[in-house]
Amino acid sequence: MMRTHRAGELRRDHAGATVAVCGWVATRRDHGGVVFLDVRDAAGVVQVVVDPEAPGAEVAHRVRSEFVVRVEGEVRPRPEGTVNEELPTGEVEVAAQRLEVLSEAEAPPIPIGGRQEADELLRYRYRYLDLRGDRLQRNLRQRAVVNRVLRRVMDGHGFVEVETPMLIASMPEGARDFVVPSRLQPGSFYALPQSPQLFKQLLMVGGFDRYYQIARCLRDEDPRSDRQFEFMQFDIEMSFVDGEDVMAVVTEAAVTAAEEATGELPGAVERITWHDAMERYGTDKPDLRFGLELVDLGEVFAATEFRAFQAPAVKGIRVPGEGGVARARLDALIERAKQLGAAGLVWMRVGEAGALDSPVAKFLSEAEQLGLVDALGAGSGDLLLLVAGERAIANRVLGTLRLDLARPPVDEGGLRFVWVVEFPLFEGLDDEGRPIPAHHPFTMPHPDDLELLASGQGEELLAARSQSYDLVLNGWELGSGSVRIHRADMQQQVFTALGITPEDAQVRFGFLLDAFRYGAPPHAGFAIGVDRFAAVLAGEENIREVVAFPKTQSGADPLTGAPTPLDPAQLKELGLQVVKRPEAKKPKS
RNA sequence: GGUCCGGUGGUGCAGUCUGGUCAGCACGCCGCCCUGUCAAGGCGGAGGUCGCGGGUUCAAGUCCCGUCCGGACCGCCA
C-alpha cells in the first residue's frame, strides 16, 4: 500500500500505529544526527523524525525541499516539551523506519506556503507550486464546499441541473462576446455565453419548472480584482413563482453555503429598496457591516441663507470620534469629494457642548447648527461631512467617503447579506433620449409602475421600477435576478419604451419571442457569482485567490502562455486571415 | 483607450527624490559542523544584462523619452 493515512490527519489517537504517509518535504531540519522532515500533503503537515541509526538516515540527509517522499514508521507522542501547539498534528510525530524518495525536486522559484508573498506573475506562472500552499488549498477546498452545498440545497428542493451550450449565437446587447470561428461555416462565428439567461428561460417554456446550474460564463471585458474573463454563476430559474419564492430559495442556499463554508453563522438577511440603499448608503451594494449612514439634511437647511446649501439635496455623515483629524486629511477628503463629482465638501468638527468648528459655521444660523447636530446624532469629538448638490451626486460622493473612512477589511465584521429590491427599470437615457435598460429587456416592471410605463415619456420613465433584486454580501454584489416578462403585450410595451421595434426584437431575440408564443409560464430567476461569493467567504479581496488558474489583468495566462497566435494552417482551415497582428510576444519558455 | 503604483542575484525588499566604493539586507540555494528541532543553529560560499530600447552626462540602478510586463482604479462589465 502506498499510504495508510494522510500526513496532515495524524493525531494523538494514532499513537502506536505503524503508518505510511506520502507528501512533499516542506522543511528539513538536519541536526547532523537526527533529522526532522515536515511532510506536507493535502491534509496538512506532520513531523517525521529520522534517527541516526534509522534505515532512512542516509536518505534524510540527501532530501531537499519539495522532494516527494514516502515514509513508513510508527506514530508516537512527542517527547515532553516538544509538542508544537501551532500544528494540528503537533502532539505526534512519525518515527521513520523507512524513507523513500518518490520524486526529486529543484528548488522552487517561489516560496511555498511561507509568509513571504511572491509576485503575482510568478504565482500564476508556477501556479502548480502556489497551489501547494495553505492559502489556495484552503480557498479552493472552501469553494468546493460552497458548490456542494448549493447543489445539495437545490437538489433538496427538487431543482433539476441542466447544462446549456457553450457555443451559441452572438447576442446583441450586454458585454462584448468571446467568439469562436466556425470551421464548417467559414465566416460565421459562435459566441461563448455571457450567461445561460435565455436558455434557462427556454427551459421554463420547456416545462422544467425548477432549473439550476453552476455555469461557466464568459465576457470579454477588462479583468478586475472582482472579475475574470470566465467565471462561474450559480444560476437558477423557476416557473409559477414570484420574486419572493426566488429570494427565499436563494437565501437558503446562500446562507447555508456561507455557514458551512466558514463555520460562521451569517447575520440576519436584510432587505432594502434600491431607493433606500441609495439614500442611506449612497450605493446599490451597501456594506451593512458598519454604520455611518447618510442623513438627509434637506429639512434642516430648507430655508438656509448659505448659498452652497441651497441645493436639490444636502446630505451628511457622522464619523464618530474623528473630530481630531488633521487638516491635511480633511483637505484630502475635500479633494477626493471633488474627484467624485461634488462641488465641494463641508467638514465640521464637533466640540464641547456641540459647538461646531468649521469654515462655514459662521454662515449657518443657530437653529441650523442645532438641527444639524440633532439630525446626525452628533456628539463631542465627532467629524461631520456634508455634501450639497444633485441628489444622486451627493449620495454617490458620501457613499464613497463612507467606504473610504470606515469599511472594515474583507475578512472582518462578519457576513451581512442584504437583498436590494425594486431596482429602476432603466438606468438613464441614451443620446437619443431613449431609456437604457438596467437589466435585460425581459425584466418585469413593478406592478405599480405599469401605468407610468405605458404613458411616461423620457425622464419620467426613469422612475419606473422593476421586479428585480440583487443579493449583496458585505458590499459585494453577489448576483441579481428578476421576475421575467412572459406575456407578449407587456414585452411589446417595454420594447416600445426602449425604442426597439417589433422587427428589431425579432432579429435580436426572435427565438425567445417565438418560444413565448407557445405558452410561456410566469417565471423568475437569479444568478450568484460563485467566484465573488467564494472570495468573500475566504476573506480574500481578489477573486484570483479562489480561482485555480487565473488570468492577469491583460487577459494572459502566464502558465500556458495563452493567448497565442494561431498556426497558419489552422487559420486557413477556419477561413480566417489576420489583418493586423501585434508584435509576436516572446514565448514564455 | 486613460490615471496611478511597481519591475534591482532564485524569492522578498533597500538604494532612485539629492547621478560618482550602491550593488546592500533578509529568505532561499550550495558546502562543512552539529542527536530534539519545528522559520533549527553555527561557519563558509556561489549567485545580479538593476525589465527592455534610446537619450542627457566625463559618469546612469539613479535624470529624460519610448516600450514591455504585473497590480489598483476609470472607461467597459444589458
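- A salt bridge is defined here as a Lys NZ or Arg NE, NH1 or NH2 lying under 4.0 Å from an Asp or Glu carboxylate O, and A/E104 with A/R64 fails to meet this definition.
- With rounding to the nearest 0.5 angstrom, the CD1 atom of A/I528 is 10.5 Å from the CG atom of A/D235.
- Using a 4.0 Å heavy-atom cutoff across all strands shown, A/L121 reaches sugar-phosphate atoms only and no base atom.
- Using a 4.0 Å heavy-atom cutoff across all strands shown, A/P79 reaches at least one base atom of the nucleic acid.
- Using a 4.0 Å heavy-atom cutoff across all strands shown, A/R78 reaches at least one base atom of the nucleic acid.
- Between the side chain of A/R64 and the base of B/G31, no donor-acceptor pair under 3.5 Å is found.
- Residue contacts for A/S225: at a heavy-atom cut-off of 4.0 Å it reaches the sugar-phosphate backbone alone, with no base atom in range.
- Between B/G36, B/A78, B/A40, one nucleotide has an atom nearer to the side chain of A/T82 than all others, and that is B/G36.
- Residue-level contact check: A/E93 touches the bases, meaning some heavy atom is under 4.0 Å from a base atom.
- Following rounding to the nearest Å, A/D177 (CG) and B/C77 (C1') show an atom-to-atom distance of 12 Å.
- A donor-acceptor contact under 3.5 angstrom links the side chains of A/Q47 and A/R29, judged on distance only.
- Between the side chain of A/R224 and the base of B/G75, a donor-acceptor pair under 3.5 Å is found.
- Screening A/D226, A/V536, A/D411, A/V410 for a side chain to side chain contact (heavy atoms under 4.5 Å, CB included) involving A/E541 leaves a single residue, A/V410.
- For A/R227 and B/C77, a side-chain-to-base donor-acceptor distance below 3.5 Å is present, hydrogens and geometry of angles not being considered.
- In terms of polar N and O atoms assigned as donor or acceptor, the side chain of A/E221 never comes within less than 3.5 Å of the base of B/G75 in a complementary pairing.
- Out of B/G75, B/C27, B/A78, the shortest distance to the side chain of A/D222 is found at B/G75.
- Side chains of A/Q228 and A/D531: no donor on one and acceptor on the other come within 3.5 Å.
- Base pairing of B/G36: no nucleotide in any strand meets the Watson-Crick or G-U wobble criterion (both distances under 3.5 Å).
- Not a single donor-acceptor pair, N or O on each side, falls under 3.5 Å between the base of B/G71 and the side chain of A/D119.
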